[in-house]
Amino acid sequence: NRNIDDETVATVNKDGFVSALSPGTTRLTVQSEFDPDITVSAPITVQEVPAEGVRLSLQDAEGYILPGILKQGEYAYLSAQILPENVTDSTLDWTCSPENILALSGSGNSRRAEAVFPGTVTVTVTAKNGKSATLTLSVEEVPPQIALYIDGQKAENTFAFYRGESADLLINVLPALPETAQLAAEFSEPNVAEYDRNTGKLHFTGAGETLLTVGFDWKGERISASVPLQSKDWQVSSLKITDEKSSVSAGTSFQVSAA
């Protein structure tokens, strides 16, 4: 018979193999199979296995090593490896300096890193005993892009309306509209349509074709998107008098419809 006083430190199986579980001291007692009055005991000390080093790398979803450069909006994975593999405490503390360039998410020894703002950031992982690794990443700025949506549809082809109609215009700037940018909407033929900035509405005021261009200045260049618009006059093909009367008395009325 074999017993260990504190099985959180170590355990022993029926074949006499002792497994060390966590740092600490306990005692193993072995009883004779032939004489239960004969026992032998011995202390067991399990020593902590400290971290000797930490490795940190940037990888893609398949685990391939990447250079330390990301573009705004891109993401990759930070993978940390603590050595040796049988370290007692594999917990790692993650920090970024500065904090706003990357958005880290996840748990354990891996983090999903999304590039949020341009700049240089240093990621540090630190083991409980102070062993650490650092990785410096660069996030490159991506020029903003404008996408236009008219009545919920992405503006890729010509949109046709009738004079007097209105439509919703959504201006979507990715990754974000710079704080100092001034959006401007211009029409190649201003008599055909106009844009109400307060309501986000396009109003078709005349017949014809026009090119709507939305843009703003960014670091010396013009960021813009355009969509061709067409405004048509209503065409009356027939005229019908609902109440067919050859004469009308003063003070009466009748209905006329156009198609």
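What you are looking at is a predicted structure, and each value in this text was computed from that prediction instead of being measured.
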Colleague: For side chain to side chain contact (heavy atoms under 4.5 Å, CB included), just list the numbers for Ile150 and Phe161, CA-CA rounded to whole Å, side-chain angles, deciding distance to a tenth of an Å, and then say yes or no.
Modeller: CA-CA 11 Å; Ile150 296 178; Phe161 296 90; 3.9 Å; yes
Colleague: Tell me whether Gln47 at atom CD has more than 12 heavy atoms from other residues, nucleotides or ligands lying less than 6.0 Å away.
Modeller: no
Colleague: Check the pair Leu78, Leu58 against side chain to side chain contact (heavy atoms under 4.5 Å, CB included), reporting the backbone distance first and the verdict last.
Modeller: CA-CA 5 Å; Leu78 289 163; Leu58 185 69; 3.9 Å; yes
Colleague: Identify the heavy atoms of Glu209 and Glu189 that sit nearest to each other, and give their distance.
Modeller: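 Looks like O-CG, 3.3 Å.
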Colleague: Quick check: closest heavy atoms across Arg111 and Trp94, and the distance to 0.1 Å?
Modeller: NH2-CD1, 3.3 Å
Colleague: May I ask you to check whether over 12 heavy atoms, not counting those of Glu74, lie within 6.0 Å of atom CD?
Modeller: yes
Colleague: Going by an N to O cut-off under 4.0 Å, is there a salt bridge joining Lys201 and Asp196?
Modeller: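 Salt bridge flag = no for Asp196 with Lys201.
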Colleague: Closest approach of Val192 and Gly208, non-hydrogen atoms and distance?
Modeller: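 Shortest heavy-atom contact: CG1-O, 3.7 Å.
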Colleague: Dump the intermediate steps for side chain to side chain contact (heavy atoms under 4.5 Å, CB included) on Thr11 and Leu21, then the final yes or no.
Modeller: CA-CA 8 Å; Thr11 59; Leu21 301 180; 3.7 Å; yes
Colleague: For Arg55, I'd like to know if atom CZ has over 12 heavy atoms of other residues, nucleotides or ligands within 6.0 Å.
Modeller: no
Colleague: Under a plain distance cut-off of 3.5 Å, with no hydrogens placed, do Thr213 and Ser226 share a side-chain donor-acceptor pair?
Modeller: yes
Colleague: Would you check if Val116 and Gln72 make a side-chain contact, meaning some heavy-atom pair closer than 4.5 Å?
Modeller: no
Colleague: Looking at Val9 and Pro23, what are the two nearest heavy atoms and their distance?
Modeller: CG2-O, 4.5 Å
Colleague: Do the ring planes of Tyr75 and Tyr77 sit parallel (below 30°), tilted (30 to 60°) or perpendicular (above 60°)?
Modeller: perpendicular
Colleague: Would you mind reporting whether Arg197 and Leu183 have side-chain heavy atoms less than 4.5 Å apart?
Modeller: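 Side chain of Leu183 against side chain of Arg197, heavy atoms only: contact under 4.5 Å found.
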Colleague: Tell me the closest heavy-atom pair linking Trp218 and Ile223, and the distance in Å.
Modeller: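 Scanning both residues, the minimum pair turns out to be CB-CG1, 3.8 Å.
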Colleague: Could you check whether atom CZ of Phe216 has more than 12 heavy atoms from other residues, nucleotides or ligands sitting under 6.0 Å from it?
Modeller: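 Yes - once you tally the heavy atoms of other residues, nucleotides and ligands closer than 6.0 Å, there are more than 12.
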Colleague: Taking all non-hydrogen atoms of both residues into account, name the closest pair between Gly215 and Ile146 and its distance.
Modeller: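 In terms of heavy atoms, the two residues are closest at CA-CD1, 3.9 Å.
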Colleague: Quick one: are Leu212 and Tyr195 in side-chain contact, heavy atoms under 4.5 Å?
Modeller: no
Colleague: Can you find a heavy atom in the side chain of Thr39 that is under 4.5 Å from one in the side chain of Val30?
Modeller: no
Colleague: List the steps and the verdict of side chain to side chain contact (heavy atoms under 4.5 Å, CB included) for Leu66 and Gln59.
Modeller: CA-CA 5 Å; Leu66 298 174; Gln59 302 178 2; 5.6 Å; no
